[in-house]
Trainee: 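Following this message is one structure expressed as structure tokens.
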Amino acid sequence: MLSSLKEDPIKRRVRKLGRSFYRRPAENLARDLIGKVLVHRLGQTVMRVRIVETEAYVGEHDLACHASKGRTGRTEIMFGPAGFAYVYLIYGMHDMLNIVSGAVDDAEAVLIRAAEPLDGLRLDLSGPGKLTRALGITRADNGVDLTGASLFLMDDNAPRPRILRTPRIGVDYAGEWKDKLLRFYDADSRAVSKGGSFPATS
DNA sequence: GCGTCGATGGCA
DNA sequence: GCCATCGACGCG
């Protein structure tokens with residue numbers, strides 16, 4: 001489990017991702033978010049993790065996207081500018097972190113499903129609910145500007161990971177949209193949810 | 001190792 | 001009544 005410091009992406013030169021990074025189709029953004037570093041400042045604590053799994057929700061026509069029910073109090077944030085957090089509660093107990101993408105009035109977002117801990121942290125981030133819980137991200141973070149100081153992303157300055165795609169998880173109700181290959185993950189990460197591409201470790 | 005199921009609350 | 005989930009439980 002020991003990793004070399006010189007290969008640790010956060011020890012290298014990195015930069016915070018700005019608004020323009022997010023202002024593009026969710027499908028494209030979801031793929032590019034694999035390997036990026038998510039940073040959450042919580043009081044004195046700063047937690048950094050490397051994103052290894054995402055899903056794209058591509059707009060009002062996507063029956064798996066919350067915005068398919070139109071503008072509501074909850075989905076309004078997705079119709080706004082890119083680069084803001086959309087956090088909601090599911091199954092009465094799990095907060096889901098999404099990143100609004102695309103143009104204004106284009107209700108797209110990317111769900112952050114799993115990550116690997118950095119900085120020697122030992123956290124289980126292998127699922128969207130586990131990730132928000134471990135990082136202390138809640139609905140209080142809904143609407144937060146990701147170009148701000150408390151919750152943001154950084155470029156990783158690392159080789160591009162090998163990325164695979166599958167249908168999204170838990171959207172069997174979404175008709176033809178349930179089979180679209182809009183889930184992306186790092187083929188070489190063991191932190192991917194639901195076992196991913198790795199057999200159980202002994 | 002894998003399928004099934006209950007918890008739990010906001011939303012339309 | 002739905003869920004963009006998780007973990008516990010039972011199987012053999």
Side-chain angles (χ1 to χ4, degrees), chain A residues 22 25-34 36 38 49 51-80 82 84-102 106-117 122-144 146 151 153 163-186 189-202:
Chain A
Y22 302 104
E27 180 169 355
N28 186 324
L29 178 64
R31 166 177 282 272
D32 254 22
L33 284 176
I34 303 300
K36 296 293 184 289
L38 172 67
V49 304
I51 295 168
V52 300
E53 181 181 346
T54 61
E55 282 177 358
Y57 290 82
V58 299
E60 291 180 87
H61 56 295
D62 174 3
L63 296 181
C65 184
H66 290 172
S68 66
K69 300 197 190 303
R71 282 183 191 259
T72 68
R74 183 171 66 156
T75 63
E76 184 63 30
I77 183 73
M78 274 200 283
F79 289 84
F84 287 81
Y86 168 42
V87 185
Y88 67 90
L89 183 72
I90 192 64
Y91 299 119
M93 58 191 89
H94 300 295
D95 290 295
M96 301 283 104
L97 171 63
N98 299 251
I99 295 176
V100 176
S101 74
D106 194 1
E108 303 190 46
V110 176
L111 172 65
I112 308 301
R113 286 192 55 89
E116 295 171 347
R122 284 190 294 280
L123 301 171
D124 181 3
L125 308 170
S126 62
K130 292 176 178 178
L131 183 149
T132 54
R133 195 150 118 79
L135 297 185
I137 293 168
T138 70
R139 281 160 288 160
D141 296 295
N142 188 42
V144 163
L146 298 177
L151 185 63
L153 276 74
I163 296 171
L164 297 179
R165 51 193 298 173
T166 73
R168 294 169 292 185
I169 304 295
V171 296
D172 287 347
Y173 61 89
E176 65 184 52
W177 287 92
K178 79 180 170 66
D179 298 317
K180 305 282 188 188
L181 302 178
L182 293 174
R183 172 175 173 254
F184 301 86
Y185 66 93
D186 180 344
S189 173
R190 79 182 67 199
V192 170
S193 69
K194 287 209 159 182
S197 60
F198 276 90
T201 59
S202 56

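Predicted model, so just to flag it, every value in this text is computed and none were measured. Here is how names work: the chains are called A, B, and so on, in the same order as the sequence lines, proteins then strands, and each is numbered from 1.
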Trainee: Using salt bridge (Lys or Arg N to Asp or Glu O under 4.0 Å), reason through D172(A) and K178(A) one step at a time and then give a plain yes or no.
Mentor: CA-CA 5 Å; D172(A) 287 347; K178(A) 79 180 170 66; 5.3 Å; no

Trainee: Please evaluate the base of dA4(C) for a donor-acceptor partner in the side chain of Y88(A) within a cut-off of under 3.5 Å?
Mentor: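 Looking at the base of dA4(C), it does pair with a donor or acceptor on the side chain of Y88(A) (distance under 3.5 Å).
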
Trainee: Side chain of R183(A), backbone of R165(A): donor and acceptor closer than 3.5 Å?
Mentor: no

Trainee: Rounding to a whole Å, what distance do you find between I169(A):CD1 and dT5(C):P?
Mentor: 8 Å

Trainee: Strictly by Watson-Crick or wobble contacts shorter than 3.5 Å, is anything paired with dA7(B), and which nucleotide is it?
Mentor: dT5(C)

Trainee: Checking A30(A) now: which residues fulfil side chain to side chain contact (heavy atoms under 4.5 Å, CB included) with it, not counting sequence neighbours?
Mentor: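 Counting only residues at least two positions away or on another chain, A30(A) forms a side chain to side chain contact (heavy atoms under 4.5 Å, CB included) with T54(A), A56(A), V110(A), F184(A).
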
Trainee: Give the rounded distance in Å between these two atoms: CG of N142(A) and C1' of dG10(B).
Mentor: 13 Å

Trainee: Rounded to the nearest Å, what distance is computed from the NE2 atom of residue H94(A) to the P atom of nucleotide dT5(C)?
Mentor: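 After rounding, the reported distance stands at 9 Å.
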
Trainee: Rounded to the nearest angstrom, tell me the gap between atom CZ in R113(A) and atom P in dA4(C).
Mentor: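 Answer to the nearest Å: 11 Å.
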
Trainee: Kindly indicate whether the side chain of S189(A), heavy atoms from C-beta on, has any atom under 4.5 Å from the side chain of E116(A).
Mentor: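 Of all side-chain heavy-atom pairs linking E116(A) with S189(A), at least one is under 4.5 Å.
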
Trainee: So, applying salt bridge (Lys or Arg N to Asp or Glu O under 4.0 Å) with E53(A), which one of R190(A), K36(A), R113(A) is it?
Mentor: R113(A)

Trainee: Can you tell me which nucleotide in dT5(C), dA12(B), dA4(C) comes closest to the side chain of Y86(A)?
Mentor: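 The closest nucleotide is dA4(C).
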
Trainee: Using heavy atoms and a sub-4.0 Å distance, could you list which residues of residues 95-102 of chain A are near DNA chain C? By number, please.
Mentor: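 Residues of residues 95-102 of chain A under 4.0 Å from DNA chain C: M96(A), N98(A).
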
Trainee: Under 4.0 Å between any heavy atoms, over every strand shown, what does R168(A) touch: base, sugar-phosphate, or nothing? Just pick one.
Mentor: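 Nothing, no nucleic acid heavy atom in range.
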
Trainee: Is the side chain of D141(A) donor-acceptor paired with the backbone N or O of T138(A) at a distance under 3.5 Å, no angle test?
Mentor: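 Yes, D141(A) side chain to T138(A) backbone: donor-acceptor pair under 3.5 Å.
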
Trainee: Whole angstroms only, please: what is the CG-P distance between L89(A) and dG9(B)?
Mentor: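 Rounded to the whole Å, the gap is 8 Å.
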
Trainee: Among the candidates dT5(C), dC11(B), dA4(C), find the nucleotide nearest to the side-chain atoms of Y173(A).
Mentor: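 Output: dA4(C).
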
Trainee: Show me the donor-acceptor pairs within less than 3.5 Å that the side chains of residues 67-74 of chain A make with the rest of the protein, sequence neighbours left out.
Mentor:
from	atom 1	to	atom 2	distance (Å)
S68(A)	OG	C65(A)	O	2.8
R71(A)	NH1	E76(A)	OE2	2.8
R71(A)	NH2	D105(A)	OD1	2.5
T72(A)	OG1	R74(A)	N	3.3
T72(A)	OG1	T75(A)	N	3.2
T72(A)	OG1	T75(A)	OG1	3.2

Trainee: Report the distance from atom CZ of F184(A) to atom P of dA4(C), rounded to the nearest whole Å.
Mentor: 19 Å

Trainee: Pick the closest DNA chain B nucleotide for R139(A) and for M93(A) by heavy atoms, then say which residue is nearer the 5' end.
Mentor: M93(A)

Trainee: Which side-chain N or O atoms in residues 84-100 of chain A pair as donor and acceptor under 3.5 Å with protein atoms at least two apart or in another chain?
Mentor:
from	atom 1	to	atom 2	distance (Å)
Y86(A)	OH	H66(A)	ND1	2.7
D95(A)	OD1	R139(A)	NE	3.1
N98(A)	ND2	Y86(A)	O	3.2

Trainee: Which part of the nucleic acid does I90(A) contact within heavy-atom distance under 4.0 Å: base, sugar-phosphate only, or nothing?
Mentor: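 Base, at least one base atom sits under 4.0 Å.
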
Trainee: Could you check which residues of residues 123-138 of chain A get a heavy atom under 4.0 Å from DNA chain C? Sort them by number, please.
Mentor: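 DNA chain C contact set from residues 123-138 of chain A: G127(A), P128(A), G129(A), K130(A).
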
Trainee: Just jot down the side-chain hydrogen bond (donor to acceptor under 3.5 Å, both in side chains) partners of D62(A), sequence neighbours excluded, or say none.
Mentor: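 Here the qualifying residues are R168(A).
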
Trainee: To the nearest Å, give me how far apart OH (Y91(A)) and P (dG6(B)) are.
Mentor: 15 Å

Trainee: When you measure from the side chain of E55(A) to the backbone of I169(A), do you find a donor-acceptor pair of N or O atoms at a distance under 3.5 Å?
Mentor: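 Between the backbone of I169(A) and the side chain of E55(A) there is a qualifying donor-acceptor contact (under 3.5 Å).
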
Trainee: Expressed as a whole number of angstroms, how long is the span from E55(A):CD to dA4(C):P?
Mentor: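 After rounding, the reported distance stands at 10 Å.
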
